[in-house]
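Report on the structure given below.
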Amino acid sequence: MLHVALSNIKTYARRYIAVILAVAIGTAFLAATLSVNSSTQATLKNSLGDAYKNADLVAYPDWDLVPGAEELTELGLKDIADVRNLPEVSTAYGLAYADGLLRTADNSYGVSAQPVDPDQGLGGMELIEGRAPQGSNEIIIDASHAEEMGVSIGDVVALENGAISPANYNIVGIQRSTTNPRTSAYALAGMSEKAWQHFSGGQALITEIVVNGDGSDESLKAELEKLFAGKKMADMAVVTADEKVLNEVAQFTGGTDQLSVILLVFALIALVVTGLVVVNTFAVVIAQRTRELALLRILGAKRKQIRSSVLIEALLIGILASILGVLLAVALMAGLIQLLHVMVPEMSYAALALTPQGLAIPILVGVLMTVVAASLPARRAMKLAPLAALRPFDAASVKNRAGKARIIFGSLFVVAGASLLAYGAIQGDLVVAFLGGLVSFPGILMLASLFVPSSVSGIGKAVAGKSTAGKLAALNAVRNPGRTTATATALLIGVTLVSMIMVGGQTAKASLNNAVAAEFPVDMMVSFYDRQVSGAETKSMLEQINGVDGITASSSFNSGYADVDMGTDEMFNAEVMSVDPTSFADVALDPNIVPADGEIVYVLGSPENPTVEVGGQTLAVKNSEAMLSGNIVTEQTFSKLEIDEANQYSGILIKVDSDVNAAGVNELVTKVSAITGVESSMINGGVVMKSMFSQIIDVLLMIVSALLAVAVLIALIGVANTLSLSILERTRENSLLRALGLKKKQLRGMLATEAVLIGGVAALLGLVLGVAYGLLGARSALASMGTMTYEIPWWQLALVLLISIVAALLASVTPGRRAAKLSPVEGLAVE
Amino acid sequence: MTSETLPKTEDAVAARGLTKTYGHDSTRVEALRDVNVSFERSRFTAIMGPSGSGKSTLMHCLAGLDTADSGEIIIGGKNLLELSDDQLTEMRREQIGFVFQSFNLVPTITAKDNILLPLSLAGKKHDRDWFNTVIQALGLGDRLNHKPHELSGGQQQRVAVARALLTRPEVVFGDEPTGNLDSRTGAEVLSLMRTSTREMGQTIIMVTHDPVAASYADNVLLMKDGTIVGSIQEPTVATVTEALASLAE
């Protein structure tokens, strides 16, 4: 049957373009995901492994070898010397970093010094220029930091650290800079072992001994292990350099690569959608070939041969599309890494890594998915009676037999999933709710054949109105309910997930904003923890701050600690903030937190007594939900309190115009930071938190939506494909309508209506489901935070609907044009 | 109907100097060679001829489904060869009716909707009395709400005839209308068609290769090699068979 399959593919190549495209995109997604993983690993190996690049073995003290050990072996230069004395060892050096300051004529820089010996591999360093350090006052320095500091060979710099007093060192060589993120931050200096011993003052530890040997790694390892055993260093691990690098990469990425796991989930979604498109395409293609396949049966083809012919077609298409997809992914990743090299030259060690598995798995998955998806339609083809070839095939609509089992299981899944989801939402348990979603969504998809065709037909009738072409479009859209369901379901999955993320994100954003607003009673707060700021200085700052666009008010405060007696036995120390009640009222978001004289507004806990004794004064308690660093009193009250002198500081509170957006807030923070001299990361407050949350959520939303967009794209290809195949199938009928007086424009309009109906209704159902899942999911995740604020991003959802409709419309253009171009006589002659 | 407002000419359909060729060079086939023909109003005409004689091409051109290379075709005072595609489409739905061999009903809609299709495509209301007359004449009263696949072949073809008659077109074209029917049902449909010319004044042009079917017509045109080579008035099965046999020589 191979030649039949091949000639079918050749003959009907056009019908397979869309399915090849869909499978290729799905496979490319998977391949790119795997390649991100392997490339990250390779990049980390390049950088973390820089120190072991030419090494055979690495020996280091490892906690895991001696469980319960109190402390690790401290390696010294003596131990390195012992290693070097072993017969099989050719070179050995220790990795040890003694930190200090390097002063040039103009400036000082952080520096790490490592012992190097030119006879022992120079500590893994590579000289680019000059010579190795020998004397006690010679160093070599890494190239990029040398350039940054403006020093070169022959210059003299001063080194110092806590252990030694400053001393001058001559730069005698320049070595290649390392890409190891652990050591590349500081300038890396190499000095002779003796000089290093002096510089480190015995403080710095040797973390690893890097060994190269003459013989095999195994015998070298045995020798080293014997040495350490003899020295009673039970915790010394001896591993190959590769093992050590893998170890460090795993540590660096926290063991599992979460990015890859997340990307894999999205790749899986894209593949499920691709699978639906494949099922549909093959179902349609086979329906169209009913006569042909039945003829083959008449001519003596066995049932199994029919099936294998279809499966061989699927196999060939799967192979072609998957290879295309993998090539696409490789090109994409190579392009991205090239882009990274150009945009961030320091990341020149970023590498594209293609593992054989990384290439083979996506191809295998792509092929398998195509064949499995095609096996259902193939089975249907197999059941075809030979007589079907002789029977005119003009049935109005194919009865949709939603299998009983599918309905039962679907209902069970929906009920169980919905219960879990409801429980999770009520209890605020995200894990349970997530499980509920995971169970109920497949259930809904199983039941899709019950509600998708009826929705399409209902909405179609309503929209079509009186136009005959519209009515026919509505009827055609549900002519083959199974096909319509599969097409719509593919799109529904994507739209549901996208809108769920949008609604969930928006609700999370709104809820977090309100929670923050409820807790933070001020927009922005600047605290002078580390310096004294005089009253006059504060006053001038306030004036400057008030002059900034977007800031409506500001006020200063003082803060100190006082003893508090709440009437219990224990006295304790609590922070008290003193404010000017008039200007504080302008910046306070909640009028209830403005204190009167003799009153203390409690923001840290809520005492039950009506009064408390603070700093020797009895003050009336006013409770508040707000959160601030200290309980609030007026300046007048504060002056009467006994305040702990030591920990006093002052600060400024700022109110921001409510129209300022997240980017505007960042700008304001920068400006306030410039005026006050307080680092922008140390400025907090309600709007600052809000803008931070908003930005984080927005970025996450964008990434997730972009990833899901791939699934939506594939589904839309499916809509175009189903439509063009259905039109092909109805060539005669469309020609008849043309013969009876349907204008070309009406025909195109009819087909466009059909596409928009399927695409629009799928998107609409997806939106409804997405909103429900989004709200329930957000509630499960955030209910524990307190009051929820439900918000639906109508505009974004409308955009999703619009995109789906426009895409469906576009999908109808080419098949519509082809159908309209066909003359009625030609069309009517088609079998 | 618009046809009633147009000046009535003697002929419902007239063609002059029609030529049509398919293919190029060696594959060139002259399907129509300078055909001049006219069809009288309220007459049932059958076109006959051996395969490849050009009878189907002639009918497709006359019906505005296909375009001739040169010449003119006049229906309702208009030359079809000068009309745009949209005008031609309007012509088809208002002044031309069709009955096909394979019925060609739209499978998704009921018999009634199929009958009304040309009118509803034009966005026009149907004349209720005329509708009832046609339905009665064709005996479709109790089948109107059935979908095509629920009807027998004869019933389907009667629906197609009703569809063709409902617009009171200038002319109804039949393309082997009884080709897919058994002889009894075929006879029934042909009698209905003949009745419609006698009682409703409908002009009908039918292509067929069946002498029995042709015997129902008022007039038979004989075609060979793209030209009209003869005609038989008041044909019988015997005269038609004889004429066809002589054509084959």
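To find a chain, count down the sequence lines: A is the first, B the second, and so on, and within it residues start at 1.
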Checklist entry - Of the backbone (N, CA, C, O) and the side chain (C-beta and beyond), which part of R730(A) lies under 4.5 Å from a heavy atom of chain B, both, or neither? => result neither

Checklist entry - What part of L737(A) gets closer than 4.5 Å to chain B, counting heavy atoms only: side chain, backbone, both or neither? => result both

Out of curiosity, [X] [atom1] to [Y] [atom2], how far, rounded to the nearest 0.5 Å?
X       : Y       : atom1 : atom2 : result
L740(A) : L105(B) : CG    : CG    : 9.5 Å
K471(A) : D113(B) : NZ    : CG    : 7.0 Å
L742(A) : R92(B)  : CG    : CZ    : 9.5 Å
K821(A) : D85(B)  : NZ    : CG    : 13.5 Å

Next on the checklist: My understanding is that only residues two or more places apart in sequence, or in another chain, count here; which of them pass salt bridge (Lys or Arg N to Asp or Glu O under 4.0 Å) with E30(B)?
Outcome noted: none

Next on the checklist: Main chain of S120(B), side chain of T468(A): is a donor-acceptor contact present, judged purely on distance under 3.5 Å?
Outcome noted: yes

Is the count of non-hydrogen atoms from other residues, nucleotides or ligands lying under 6.0 Å from [X] atom [atom1] greater than 12?
X       : atom1 : value
K224(B) : NZ    : yes
R817(A) : CZ    : no
H209(B) : NE2   : no

Item to check | Residue pair K745(A) / T89(B), side-chain heavy-atom distance below 4.5 Å | outcome: no

Item to check | Set of side chain to side chain contact (heavy atoms under 4.5 Å, CB included) partners for A820(A), sequence neighbours left out | outcome: K744(A), L747(A), R748(A)

Checklist outcome for this item: For R93(B) and G741(A), the nearest pair of non-hydrogen atoms, with its separation, is NH1-O, 2.7 Å

Item to check | A739(A) to F100(B) - nearest heavy-atom pair and separation | outcome: CB-CZ, 4.4 Å

Item to check | Segment of D66(B) engaging chain A (4.5 angstrom heavy-atom cut-off) | outcome: both

